[in-house]
Structures are given as structure tokens and as C-alpha cells.
2 protein chains.
Amino acid sequence: MATPSIKEVAQHAGVSVGTVSNVLNRPSIVAPATRQRVLDTIRELGFVRNEAARHLRLGRGRTVGLVVFDVANPFFTDLAEGADEVAYEHDIVVMLCNSKTDPVREGHHLGQLEQQRVFGILITPYDSADPGLHALVARGTPVVLVDRTADGGGLCSVSVDDQVGGRLAGKHLIESGHRRIAFIGGPLGMQQVADRLAGITSTVEKAGDVELQTFEVAVMGVAHGREAGEKIAALPRRSRPTAAFCGNDLLALGFLQAMAAAGLQVPEDMAIVGYDDIGFAAAAAVPLSSVRQPAGQLGRTAMQLLQEEVEDAERHRHRQVIFQPDLVVRQSSDYTRSSR
Amino acid sequence: MATPSIKEVAQHAGVSVGTVSNVLNRPSIVAPATRQRVLDTIRELGFVRNEAARHLRLGRGRTVGLVVFDVANPFFTDLAEGADEVAYEHDIVVMLCNSKTDPVREGHHLGQLEQQRVFGILITPYDSADPGLHALVARGTPVVLVDRTADGGGLCSVSVDDQVGGRLAGKHLIESGHRRIAFIGGPLGMQQVADRLAGITSTVEKAGDVELQTFEVAVMGVAHGREAGEKIAALPRRSRPTAAFCGNDLLALGFLQAMAAAGLQVPEDMAIVGYDDIGFAAAAAVPLSSVRQPAGQLGRTAMQLLQEEVEDAERHRHRQVIFQPDLVVRQSSDYTRSSR
DNA sequence: GCGCTGGATTGAATCGTCTAAATCAGCGGT
DNA sequence: ACCGCTGATTTAGACGATTCAATCCAGCGC
């Protein structure tokens, strides 16, 4: 009934537990005949390795925790998929955790992962200076920051230059003639959001005659985008922004819905640029312009860095890998492609 | 440096390991003064419980594996979120695994989960009769089927009546006057797909004068939906279906894109009904009609069933919970709401 | 026939935690 | 002064796999 242990396999096959373990871990040093006999017994008995025991003895697990803001956001599932690819090659399993941009949930997950003595953690931290996170690192769990640059250099990180992203969006909108632009995103305390805002701000300031208005949201999801959109649509036409730069595509999608509901045309009455270029952006009611980030690559690279860090802890030097985003212009911000 | 063990905490606090363990697990039987001293030492030393050792000793883990077809499909992330909610209440952590409707990947994940001696597994199985899956169950890992009915009754399951879903879609399209309908989905070997098809087929047959054409796809993703759409758009107008029922919303979204690309109007030239009613369906270029499934509820219920099964293994009787889907009609299948 | 070599196998210790049984200290009752 | 009791604490195995030093043995050269 209960799964047999290595010991029962040994008895059944008439060898010692050491030999069974060797068959499992270094088959080459076991005599072929013995090896086969053990293998047969394993199959016969339906033996399944106990990872917990293995883990205890080895001191380190084969699981990597990936903590992200929002698993429902395709950007993060793409990222997760990239991480998974690399993990698979190294016989590592990925545990996806959803922090929902909530520091409490994030902390909870980190605690669980540390208790599990995971191989390492990839995380988009709510606050990269979180003392809890650094305590965890100090206690020995390897951590790689994802979609976030490690300021101090005390950690590896993989990110995309969000300021550049913000500038790309700003430049595009300004060049399209917009003079009143809204930024929708939040919480502003989040580095990613702050950087995107900083990016577009710098562009706006350079232009001189452009007004940028910030609308902070609590969570970057469709619902909040819609809410912000309703608020903005309700503004008097004269002072209402003519373009919106949304902190991510979910916000942008919600925002777009609000425009439709309010009877405002996109891009004529309101141009929209999102962020992440998730797959659904292109399929939206009005195909969405968006700042594209190489999500899969972020995930792959992060896992590789983690792998490197653990495999060769001595020689390892923390690295900050930074990718460049690019702007994908679609109908939501391009009059020339507009249907009417 | 290395995380301290319970033993070091004991030494430091001047008590035995047993007492430390008791502080952790049954604080009430420890004298308040001692308890406090141990607690202080724990904080001071930064002790973190080793879940692997605990797990080994207890024989069962606190992790539940959730194996789904496609983590990038919002239907499944909603489902996962529901499962997570309930898991959280029971101090259980959920491990999300992506099978990508690939039996090999699925098997790989099941193997990993079994090695980890997880608390249990929730799975949308590619083939619910898979011998590997049943062997795993026989060896003692509790499994609950999700979005899939357990035929034999040898397992708990939570599902939505897909035949009803298919009938709802069929009825709606036929009543809207369509006489040539396409079904896009696959692989047809998947029960969910087969049932949805069976549902619409039965409705079609009852109507008598309606023709149903099936287009099988390998994977239910946006790309395949687009592909199928292109193929159908290329058919001569006379024989081309006037409506499409897609196996899920991702397919439908892709299909919709293909219609736009081919210059066909939705719903005038082609009505579309999707499945799952994911959040993005409402935000699509043409808001998508869809058969809604209570994803979160599926996840919550599944986790509850698993919990019940493990907590009270003796008295437990396997149950099949079946929810009913309902149809959400939006513009993609409704002329009256069409903009033109 | 002896000792040696080297490949194959064994045995025991170990990882960190939990728990049942044993021990201990203190105290009230007789 | 002693017994027995209660409540607090300690002790001593497990749990299952890994690993390394120790052992075993067959074969070989001399």
C-alpha cells in the first residue's frame, strides 16, 4: 500500500541499500547484472524516490520559487514559461507564487519557500529593499530579482529598462501631437511604475509645452484601468488629456473599455499606449500600442543566473542584466491606421 | 551562516530539542517562561523550520500540485486562484504545473509531484484513464480531477457540464438563424472538447436542417484559432459556415483576428461563440459571446474535496461535483448589438 | 600457493524534525 | 516523612536517502 522505500527494494533484490542508491545515482559503478536486477525490482515494487529524504540529506532542494505580481497577467505567465524551460533542462521544478503586489502575501510566500529550503528564488519584489527579503538572502537562500534591477549590486537581477520604455511611449505620443497626456499606473512606490513615469516625465519636460497628469491606481488590473478611464472620460473636454500611457496592458485594456463605454473614440479622442505587449493587446477592440518587453527571455535569463550562482558559488559575481524594450505601434495610438 | 537547526536553538536556549519542537508544535504544553525564552532564541538566531525534515518525519507534505493545460489561459489562472484561496486557509501551498496538453509533460509533472510526496494533486488530465495516473493513485497520492468528470467513480472530480455548454451555444446560434456552423477545437480526444462538440451536435441534429462542420486543432491557443479562421475565411462564400463555436476563448480570439484580417464582419458575416468567458473576451475587438464556467469555484471546490479526502480518509466517499455553465451573449453573435 | 589489485558491495553515520515514553521536580495529602 | 500525582522537560528512536570508508572477492602475476 504505502510506497516502498529504498530499503525494501534492497531486501527484495538481495542487495544493500547502498547499492540501490548507487543504481539511482551512479549507475555506472554498479555491475550490469546487479543494476538490472535492482531496476527490475524498482519497477516491480513501484518504488518512487522520496524527494523529502533526498532533500534533507543533500541539504538543498530542487525547487525554485518564482514569485510574481500577478499570475493572471500574461506578461508573467510568459516570463514563467521562459523560466520553466531552463529549469526543465536542469531537472528543477518551478513553483509559481502569486504575490498580487501585496507585501504580506509576498512575505508569506517567501517564508514558505525558505522553509522548503528551495534551490533558489526568482522574484519581482514589491520593495527590493525589503529587510525580510535581505534577511532571507543573508541566511543563505539565493535570490535573483526579476523585472527589477538590484540597486545595491548585492544580488543578481534581470530587468528591462523601464525609463527607456517610458521615454519611448512619451516620444511617440508627443510626436503624434499630443499636448495633454495622462499616466495611469501604480502604486507609484513600485520601481517599475516609478521608472516608467520618470521616463515619460523626462521626455515631456524636454518637450516643454506638454502637460503630464498622473493617475495613481492601487493595482494594475483591468478593473482599475476601467475605473481610471471613467474618471478621465468624465473630465471636461478642454482639460481632458488626449492620450494615455498605461503602466501595463491590463490597465490599458480596462481603460480602453471605459473609453468605449463613454463614447470616446480611440485613437481620435484618446490615444492609448500600454506596456508589456501581452498577446491580448493585439486582439483588443482597438489593437493596442504597447511597449514590448522580452518576457520569456527575462525568465530564461533569470533562471540561468540563479543556476550559475548556485553551481559555482565561489567564483560567482552578481550581475545585473538589463534588456531594452521597444515600442509596438498599433491602432490605439495611430490615426493613420484608424478605421474611420 | 548556514541556517541553524532546532538543535542549535535548543543549546542556545538551554533546553532540549524536544522542548523546542514542542514550542513550535504544541506551545500550550510548554511553560510560558520557557516558551518565551525559546521564541526569543529562535528570533535571535534566525531559525527557520526545515520543511524537508518535517515532511520526511510526518510522511506527508504540505504542497498540493495543480496540473493544468495552459497557465497562460486565464480560465486556468482563475481556477488556480480559487484553489489557492482554500489552500491558504489550510496552510497549504499550491504548486502550479503546466502540462500544455502534452501527455509527456503531464507525466513528468506527475512524477515530480509524486517524488515530492505531495499532499495531493488537482489535475485536468489529458486522459483521465491514463494508467500512469491511476498507478500513482494506487500508490497512495490523493488526486482530484478538475474540469473533468471521473468516469469510474474511483476519484473525486469537479467539473462543468460541457455537453450543456455545447447545447447552449448550439441553441443560441441556431435560433439566431445560422444553418452552417463550424466547430473549432481539439484535440478531439480530449473529453472537454468531445463533450462540447457532442452538445452542439445533439442540438444540431434535433434542428434537422443545420449543417455542422468540425475543424480540429492541435492546441487550443490563439495561434491555432487564427489558423483555423484563415482556412475557413478562405472557403467559398456559398459553403462557408456563418457561425463558429470555438472550444475556448483563446481559439475564439484568434479566430476573430483572422476574420478581421480577411475582411469578414463579425457577427454579420460570421458569428462567434467562445468558451470559458475569460476576462479578455469582453474586451475583444468585437466583444465575444461565450459559455461561462465558474473557474474560481471549480478551483475552490476541488481543493476542498482534496482536503476532505485526506483529512478523513476513512469515511471519505469519492464525489463528482458538476456545475452548470451559462451562455453570455455579446456582440460577436448578436446582430442587434452590432455597431453597424 | 601467496599477496596484491581493483572493481563491486556493504554498513553505518548523517541530515533536521517529531513523538511516545521516560524522567524529573515539586507539592499536597496522609 | 513518604507516596503518588501533576505538569514540564528530556531522551531516544524513527523517517528515507546519500555517501564514504571499510570489506569482500575474483583474478592475476610471480
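Chain identifiers are assigned alphabetically (A, B, ...) following the order of the sequence lines, protein sequences preceding nucleic acid strands; residue numbering begins at 1 within each chain.
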- Nearest-Å distance, CG (B:L58) to P (C:dG16)? 17 Å
- Query: Atom CZ of B:R62 to atom P of C:dT17: distance rounded to whole Å?
  - Reply: 13 Å
- Note on the structure: In short, A:L305 meets A:C156 closest at the heavy-atom pair CD1-CB, 4.2 Å
- Query: Should A:F69 and A:Q192 count as side-chain neighbours, where that means a heavy-atom distance under 4.5 Å?
  - Reply: yes
- Could you check which of D:dA17, C:dC18, C:dT10 has an atom nearest any side-chain atom of A:N50? D:dA17
- Message: Whether the side chain of A:T41 engages the backbone of A:R37 through a donor-acceptor N/O pair (distance < 3.5 Å, no angle test) should be reported.
- Response: yes
- Task: Rounded off to whole Å, could you give me the NE2-to-P distance for the B:H55 and D:dA17 pair?
- Result: 11 Å
- Less than 4.0 Å between a side-chain N and a carboxylate O, is that true for B:R117 and A:E51? no
- Is any side-chain nitrogen or oxygen of A:T19 closer than 4.0 Å to OP1 or OP2 of C:dT9? no
- Item | Carboxylate-amine/guanidinium contact A:E81 B:K100, below 4.0 Å | yes
- Query: Does the A:D84 side chain pair with the main chain of A:A80, one donor and one acceptor, at a distance under 3.5 Å?
  - Reply: no
- Query: How sharply is the helix from C:dG1-D:dC30 to C:dT30-D:dA1 bent, taking the axes over five pairs at either end and rounding to 10 degrees?
  - Reply: 70°
- Message: Using a strict heavy-atom distance below 4.0 Å, which residues from residues 21-33 of chain A are in contact with DNA chain D?
- Response: A:S21, A:N25, A:R26
- Message: Taking the nucleotide of DNA chain C with the nearest heavy atom to each, does A:V17 or A:T34 sit closer to the 5' end?
- Response: A:T34
- In whole angstrom, what separates B:I6's CD1 from C:dT19's P? 11 Å
- Query: Just wondering, do A:V71 and A:F76 contact through their side chains at under 4.5 Å, heavy atoms?
  - Reply: no
- Message: Go nucleotide by nucleotide along DNA chain D from the 5' end; which of B:A53 and B:V15 gets its closest nucleotide reached first?
- Response: B:V15
- Counting side-chain heavy atoms from CB outward, which of D:dT18, D:dA12, C:dG11 is closest to A:S16? C:dG11
- Message: Within the structure provided, determine whether A:F119 and A:T63 are in side-chain contact (heavy-atom separation under 4.5 Å).
- Response: no
- Task: Establish, with yes or no, whether the OP1 or OP2 oxygen of D:dT18 is under 4.0 angstrom from a side-chain nitrogen or oxygen of A:R49.
- Result: yes
- Give one of base, sugar-phosphate or nothing for B:G18, where a contact means two heavy atoms less than 4.0 Å apart. base
- Message: Between the side chains of A:R315 and A:D312, is the shortest nitrogen-to-carboxylate-oxygen separation below 4.0 Å, so that they form an ion pair?
- Response: yes
- Task: Please report, rounded to the nearest Å, how far the P atom of C:dC15 is from the CD atom of B:E8.
- Result: 10 Å
- A:K7 atom NZ is separated from D:dA14 atom P, nearest whole Å, by 9 Å
- Query: How many Å lie between CD on B:Q11 and P on D:dT10, as a whole number?
  - Reply: 13 Å
- Query: Expressed in angstrom and rounded to an integer, what is the separation of A:L56 atom CG from D:dA14 atom C1'?
  - Reply: 12 Å
- Considering only heavy atoms from C-beta outward, does the side chain of B:I121 approach that of B:V64 to under 4.5 Å? no
- Task: Look at B:R57 and D:dA14 and indicate whether a side-chain polar atom (N or O) is within less than 4.0 Å of OP1 or OP2.
- Result: no
